[in-house]
2 protein chains.
Amino acid sequence: MARNRLLGDPTPVYFKLQTEIQKKIENSQWAPGQRILAERTLAENYKVSIGTVKKALLNLVQEGYLYRIQGKGTFVAGTTLRPESLRYYRFLRNFTDDEADLKIKLLKIKRIKGRQPHNRYLKIRSHQNLYELKRLFFYKQTPIVYSISYLPQKMFKNLHEFPIHLFEKVTLYEALEKKYGVPTLYNQQLFGAALTDNLTAKLLQIENGKALLFIEMLSFTYKDKPYEYRESYCVTDERKVFNEI
Amino acid sequence: MARNRLLGDPTPVYFKLQTEIQKKIENSQWAPGQRILAERTLAENYKVSIGTVKKALLNLVQEGYLYRIQGKGTFVAGTTLRPESLRYYRFLRNFTDDEADLKIKLLKIKRIKGRQPHNRYLKIRSHQNLYELKRLFFYKQTPIVYSISYLPQKMFKNLHEFPIHLFEKVTLYEALEKKYGVPTLYNQQLFGAALTDNLTAKLLQIENGKALLFIEMLSFTYKDKPYEYRESYCVTDERKVFNEI
DNA sequence: GCTCATTTGTTCGTATGTATC
DNA sequence: TGATACATACGAACAAATGAG
C-alpha cells in the first residue's frame with residue numbers, strides 16, 4: 001500500500017534499502033564473502049515486505065555487490081570483473097585460439113614521490129606519494145609484457161613489506177582485494193602503439209625500433225575511486241591482447 | 001500456486017515466456033522500435049500472473065532485448081537505441097580528455113571471394129563470398145584510422161548498391177541494423193602493434209616505419225553470430241583508443 | 001490546462017517449490 | 001529429517017507517466 005511513501009518522498013523504498021546495503025559494503029562494514037541477513041530478517045528489521053527486500057537485493061546482485069545461493073544465503077561479493085578478463089592480460093594468437101598462460105616476475109617495488117599525470121589520474125593531490133611496481137610477464141620463458149604500476153601509498157600502507165611471491169603467484173587484483181579489501185569493479189584502458197626504446201628492448205629481449213602495443217590502464221574500486229594506474233608495453237608479434245565488450 | 005509446473009517440468013514459467021519473446025525478436029517477427037503487447041494482455045494471453053510477465057520482461061530489458069517507458073509501453077530494442085555502449089572506437093588524448101569527433105570517408109566497397117581466416121572468424125564456409133569495405137576516419141582533416149571490414153554477402157545482399165553517404169553519415173552499425181535488421185550485441189577485439197607499410201603510410205599521411213595500433217574486431221548479432229570482421233590501423237601519437245570494462 | 005484511459009512502476013502479502021546443511 | 005534460506009508464482013491495490021481528447 002506504499003505506506004512508506006505517503007509523506008511526499010518519491011524515492012522508492014526498495015531503492016533506499018538498496019542504497020543502505022550498498023554503503024555498508026562500500027565502507028567495509030560488510031566484507032567480501034560475508035553472509036548478510038536473510039530476506040525475512042531484513043524485511044522484519046526494515047518493516048517492508050519480502051518482495052521489496054528481494055528487489056533491493058537482486059538489484060545489488062546485478063550491480064555486482066552481492067551474490068545469492070539458494071538454500072545458503074546472500075553474500076557480499078568481491079571483484080566483479082569476470083575472472084577471465086581479470087587474468088592480466090589475455091593473450092591470443094587469433095580469435096579462435098586458446099588463452100596463453102603467463103608467469104609474472106616482480107622486478108622492483110619502491111616508494112616514489114607523487115608525479116603527474118599519475119596523481120591526477122588517481123585523483124590524489126600532487127604531494128601524495130606512490131608505490132611503483134615494475135613487473136615482467138612471461139609466456140614460456142619469453143617476456144612479452146613489461147608493466148609499471150602506480151598505487152597511492154596512503155591507500156596501501158606497507159605494500160613493500162609483503163613477500164614478493166604475493167605479486168608473482170596471484171594477480172595484483174586478488175592480492176589487493178585480500179590484503180586491503182579493495183575489490184576491482186571496472187577499469188579503463190587507452191591503447192596505443194610505441195617504438196621500442198633501449199630499456200624496453202633489453203627487458204623484452206627484442207631489437208630496438210620494433211612496434212610495441214602500449215596500454216595505459218586505470219582500475220577503479222567503490223565510489224568510482226581509481227586505485228591503480230598502469231603502463232604496459234606488449235610484444236604482439238605472436239599473440240595479441242584480447243578484449244570483449 | 002505454480003499450476004504450470006505440476007507436471008515435473010522444472011523450467012520456470014517466466015523463463016519460457018522470456019524465451020518465447022526473445023525468439024520473436026531474434027527472428028525479426030518483432031522489429032526494433034516496435035511496441036509489444038501490454039503486461040496485462042500478455043498475462044491474459046499466456047494465462048499467467050502479471051508478476052510473472054513482469055519478471056520475464058525485466059529480464060529481457062536487462063539483456064538488452066527490450067526497453068520500457070512508464071505510461072507508454074514495452075519496446076523492442078536495437079543497437080541504435082543504446083548509443084554509448086557500442087560506439088566506434090573512442091579517441092582520447094588521456095583519461096580526463098573528451099572524446100574526439102571523427103568523420104568517416106568510404107574509400108571503396110567491393111565484392112570479393114571468401115578468404116581465410118576471415119571466413120573462419122565469420123563462421124561461414126570458405127567458398128562464401130564477402131563484401132570488403134575500406135574506410136578512413138578523420139579527426140579535423142587528419143586521417144587517424146584506416147579500416148577494412150569484411151561482411152558475408154549472403155547476409156547483406158546488395159550492400160554495394162546503397163548510396164555511399166550511408167556509410168559516411170552514420171556508423172556501420174546503425175546502417176546494418178536499419179537496412180538488414182542486424183543489431184550489434186557485442187564484439188571482440190584483438191589489440192596489437194604494427195609498423196607502417198607503404199600503403200598505410202600513404203593513406204594515413206605519415207612517414208614509413210612508425211608504430212601503429214592494429215585492431216582486429218569481430219562483431220556479433222543474435223545467437224552469437226559474427227557478421228563483421230574488421231582490421232583497423234590507428235595513428236595513436238596524439239589520441240589513444242579508449243575502452244572500459 | 002484538465003480529464004481520462006492506458007501502461008508501467010512500486011508495494012504489499014501469501015503460498016509453495018527447492019537447495020543446503 | 002527438519003530447519004533455514006532463496007526462488008517462483010499468484011494477485012491486489014495504488015502511484016506515476018504518457019498521450020489523446
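Everything numeric here is computed off the predicted structure, so don't read it as measured data. Every chain is numbered from 1 and lettered A, B, ... according to where its sequence line falls, protein lines coming before strand lines.
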Are any of the side-chain heavy atoms of L130(B) and Y229(B) separated by less than 4.5 Å?
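When only atoms from C-beta onward are counted, Y229(B) and L130(B) do not touch, as no gap falls below 4.5 Å.
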Compare all side-chain heavy atoms of R135(A) with those of R230(A) and state whether any distance is below 4.5 angstrom.
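Yes, at least one pair of side-chain atoms sits under 4.5 Å.
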How close or far is atom [atom2] of [N] from atom [atom1] of [X], stated in whole angstroms?
X: Q18(B); N: dA7(D); atom1: CD; atom2: C1'; result: 14 Å
X: N59(A); N: dG9(C); atom1: CG; atom2: C1'; result: 13 Å
X: L58(A); N: dT10(C); atom1: CG; atom2: P; result: 14 Å
X: L17(B); N: dC10(D); atom1: CG; atom2: C1'; result: 15 Å
X: Y14(B); N: dA7(D); atom1: OH; atom2: C1'; result: 8 Å
X: F75(B); N: dT18(D); atom1: CZ; atom2: C1'; result: 10 Å
X: K47(B); N: dC10(D); atom1: NZ; atom2: C1'; result: 16 Å
X: E44(B); N: dA12(D); atom1: CD; atom2: P; result: 12 Å

Where does the angle between the aromatic ring planes of Y65(A) and Y222(A) fall among parallel (under 30°), tilted (30 to 60°) and perpendicular (over 60°)?
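Plane angle under 30°, so parallel.
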Does T52(A) make a side-chain N or O approach to OP1 or OP2 of dC12(C) shorter than 4.0 Å?
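T52(A) to dC12(C) OP1/OP2: side-chain N or O found under 4.0 Å.
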Has K55(B) got a side-chain N or O lying under 4.0 Å from the OP1 or OP2 atom of dT8(D)?
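Checking K55(B) against dT8(D): at least one side-chain N or O falls below 4.0 Å of OP1 or OP2.
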Please determine whether the number of non-hydrogen atoms from other residues, nucleotides or ligands lying under 6.0 Å from atom CZ of F162(A) exceeds 12.
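Yes - once you tally the heavy atoms of other residues, nucleotides and ligands closer than 6.0 Å, there are more than 12.
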Is the count of non-hydrogen atoms from other residues, nucleotides or ligands lying under 6.0 Å from Y67(A) atom OH greater than 12?
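Yes, OH of Y67(A) has more than 12 neighbouring heavy atoms, counting only those of other groups under 6.0 Å.
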Close N/O contacts between protein and nucleotides 4-6 of chain D (under 3.5 Å):
from, atom 1, to, atom 2, distance (Å)
dA5(D), OP1, R35(A), NH2, 3.4
dC6(D), OP1, T74(A), N, 3.2
dC6(D), OP1, T74(A), OG1, 3.0
dC6(D), OP2, E39(A), N, 2.9

Partners of K55(A) by side-chain hydrogen bond (donor to acceptor under 3.5 Å, both in side chains), sequence neighbours excluded?
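Per chain and number, K55(A) pairs via side-chain hydrogen bond (donor to acceptor under 3.5 Å, both in side chains) with no residue.
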